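Let me begin by presenting the structure, written as structure tokens, before commenting on it.
Protein chains get the first letters and strands the later ones, always in sequence-line order, with residue 1 at the start of each. Everything numeric in this text was worked out from a predicted model, so none of it was measured.
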Number of protein chains: 2
Amino acid sequence: MELLNNFKQIVIETPVDKIINQIKELITSGQLKPGDKLPPERKLCEALGVGRSHVRDAIKKLEFYGILKTLPQSGTVVAGLGMTALEGLITDVLRLEVKDFRSLVETRVILETNAAALAAQNRTEEDLAGIEAALLAYKNKKAASVYAVDEDLMFHLKIAEASKNSVLKSLMLVITPDILTNYNELDACGDGRSVSALEEHELILFHIKEKNIEGATQAMRAHLSDILDFSNTLQVEDFNRSNGKKR
Amino acid sequence: MELLNNFKQIVIETPVDKIINQIKELITSGQLKPGDKLPPERKLCEALGVGRSHVRDAIKKLEFYGILKTLPQSGTVVAGLGMTALEGLITDVLRLEVKDFRSLVETRVILETNAAALAAQNRTEEDLAGIEAALLAYKNKKAASVYAVDEDLMFHLKIAEASKNSVLKSLMLVITPDILTNYNELDACGDGRSVSALEEHELILFHIKEKNIEGATQAMRAHLSDILDFSNTLQVEDFNRSNGKKR
DNA sequence: TCTTATTAATTGGTTGACCAATTTATGTAT
DNA sequence: ATACATAAATTGGTCAACCAATTAATAAGA
């Protein structure tokens, strides 16, 4: 069984990835400085021996990350942003490469506690109604079944909306897919935790309603640390299993 | 002059954007549920009356966001992630649509203060060396010129690395481009702030070195709130000017 | 009738050619 | 010699055709 551990993860490096790496290499090595024009796509695909689609895909991907900027009928240039962001961009940024569940949960706690604090500060009456509706949906679903992950997250998302911080909300959305994939694998979802989760949600809502910033923060922290503790009780084996299967 | 204000920003909606919106509409309206297969690309581009490249680009973009998943030679399906995340996904998530600079800076403060705290807790000797090197580079550049944004951000990035939280670091990288574009427009960069920034950096480093979690947090918060205060002194007119010109 | 092999259709992946806009080069007139 | 107009080349954007792998359908055998 442990013979499996002797196998190394095979990195499937698509043509696009290879091109991206080469371009990044050129930038990090200083051969391409911000403002410089990239060789035209045709020259690139000829030099690299691949189709132009691949080159275009690579450029488009780097454009997403704000590293390149393509000017139609003019060329592709390295965006202003210097090597700074590139430095840590060893692998794809957004496909977060969540190798460690700890970082993920830790970050979630940071985002959500602050969202709760801001929500307690900025929430409107409409926000309260939205949060309550989400909580109600969660309660009903939970009464019927044990599986209410979507409704759970919706509750948290409504709080993020009430924070009136669009960026914070966007970042929560960014990590949500990873949270979900990890939870779907890890969370047994039929444990004793479920009962207390509802009460904790209600406590959070109460503090937000009362505009009690500190209270909302602590309630959210307690809620999430419960989840964190629960995750930590899982076997390491289970955790390892949850990796590696992505893409 | 104020006649210009009567013009509405023209939204250049590329074919790709239109397709994305249609697909998102299908998902949010429930006509496409997670796990469902999308119509094949050929049918789609026929129904939409556009080239297949556009459809493929749209799919690829949505795949970035984790909304779709294309299985080669099999089809494209809606990823597991329920409507939950879609709910708030009115516009592109990652091109953060930073309409409000406040949210951006606010979020940056949240991320960075926590990164500083974690760095004070987890930093190794190598991390310290890296942070010091970045600080030195910043100092040198600053002595030579007033423009050292890259080196400044590198210092912050090294701290994020020292936090040993990969997700947190990734999220900082995500918002960094937006920070830069906004700063490049807003920051006069030749003001009195520059002198104190260096001292503040040194103070942060000191606390991280001493493993003083609370101290590092406060030092970082003070550092960033200075920047925030400075930004707030800018004219609203300048702020508005900084919007709308992106892409 | 059920299983299995073979074939046909459909899928996303890839390529090369074409298009319009831009930039550069060239030639002519001043 | 310089300025300007015109033409040629280069650019990214777009599209349609082709490819290999997968899947579905069908037919043959037990």
Side-chain angles (χ1 to χ4, degrees), chain A residues 10-23 26-27 32-80 92 95 245-247, chain B residues 10-23 26-27 32-80 92 95 245-247:
Chain A
I10 295 179
V11 267
I12 23 178
E13 199 175 37
T14 70
V16 176
D17 291 328
K18 291 184 182 178
I19 299 175
I20 288 182
N21 285 330
Q22 289 210 30
I23 295 180
L26 284 178
I27 299 181
L32 272 178
K33 286 186 292 292
D36 286 357
K37 281 215 309 188
L38 235 64
E41 298 180 353
R42 282 172 180 80
K43 302 283 174 56
L44 270 181
C45 68
E46 184 188 357
L48 295 168
V50 296
R52 196 151 78 97
S53 326
H54 289 149
V55 174
R56 302 195 89 243
D57 284 352
I59 290 177
K60 204 167 292 181
K61 214 167 181 177
L62 288 173
E63 208 181 354
F64 265 24
Y65 299 149
I67 297 168
L68 297 182
K69 177 86 182 175
T70 88
L71 316 169
Q73 274 73 40
S74 169
T76 303
V77 301
V78 179
D92 287 355
R95 200 186 311 286
K245 66 98 211 200
K246 330 182 51 177
R247 183 202 158 92
Chain B
I10 296 179
V11 265
I12 23 175
E13 200 175 36
T14 70
V16 176
D17 290 328
K18 291 184 181 177
I19 300 175
I20 288 182
N21 285 331
Q22 289 211 29
I23 295 180
L26 284 179
I27 299 181
L32 271 178
K33 286 186 293 293
D36 286 357
K37 280 216 309 188
L38 235 64
E41 297 180 355
R42 282 172 182 78
K43 302 283 175 57
L44 270 180
C45 67
E46 184 188 356
L48 296 168
V50 296
R52 200 152 75 96
S53 323
H54 291 150
V55 174
R56 303 195 88 244
D57 285 352
I59 291 177
K60 207 167 289 182
K61 214 166 183 178
L62 287 173
E63 208 181 355
F64 267 22
Y65 299 149
I67 296 169
L68 297 181
K69 176 86 182 176
T70 87
L71 315 169
Q73 271 75 41
S74 168
T76 303
V77 299
V78 180
D92 287 354
R95 198 186 312 286
K245 65 97 213 203
K246 325 183 57 178
R247 185 203 160 96

In whole angstroms, the gap separating C1' of C:dT22 from CD of A:E41 amounts to 15 Å

Specify the separation, in whole Å, of atom CG of B:L71 and atom P of D:dT22.
12 Å

Side chain of B:R56, base of C:dG12: donor and acceptor closer than 3.5 Å?
no

For C:dG12, does either OP1 or OP2 sit under 4.0 Å from a side-chain N or O belonging to B:T76?
yes

Heavy-atom closest contact (A:K37 atom, A:S74 atom, distance):
NZ-O, 3.4 Å

Integer-rounded Å distance: C:dT22 P and A:Q73 CD:
7 Å

Length of the line joining B:R42:CZ and D:dC15:P, which is rounded to integer Å:
15 Å

Side chain B:R52 and base C:dG13 donor-acceptor under 3.5 Å:
yes

Do you know which two heavy atoms are closest between B:D57 and A:K60, and how far apart they sit?
OD2-NZ, 2.7 Å

Would you mind reading off the distance between A:I59 atom CD1 and D:dG13 atom P, rounded to a whole angstrom?
8 Å

Nearest-angstrom distance from the residue atom NE2 of B:H54 to C1' of D:dG13
7 Å

Here the distance between atom P of C:dA17 and atom CD of A:E46, to the nearest Å, is 13 Å

Please determine which of B:L44, B:V55, B:I59 meets the side-chain contact (heavy atoms from CB on, under 4.5 Å) test together with B:T76.
B:I59

Decide yes or no for A:L68 and A:V77: does some side-chain heavy atom of the first lie under 4.5 Å from some side-chain heavy atom of the second?
no

Please report the distance, rounded to the nearest Å, between NZ in B:K69 and P in C:dT11.
20 Å

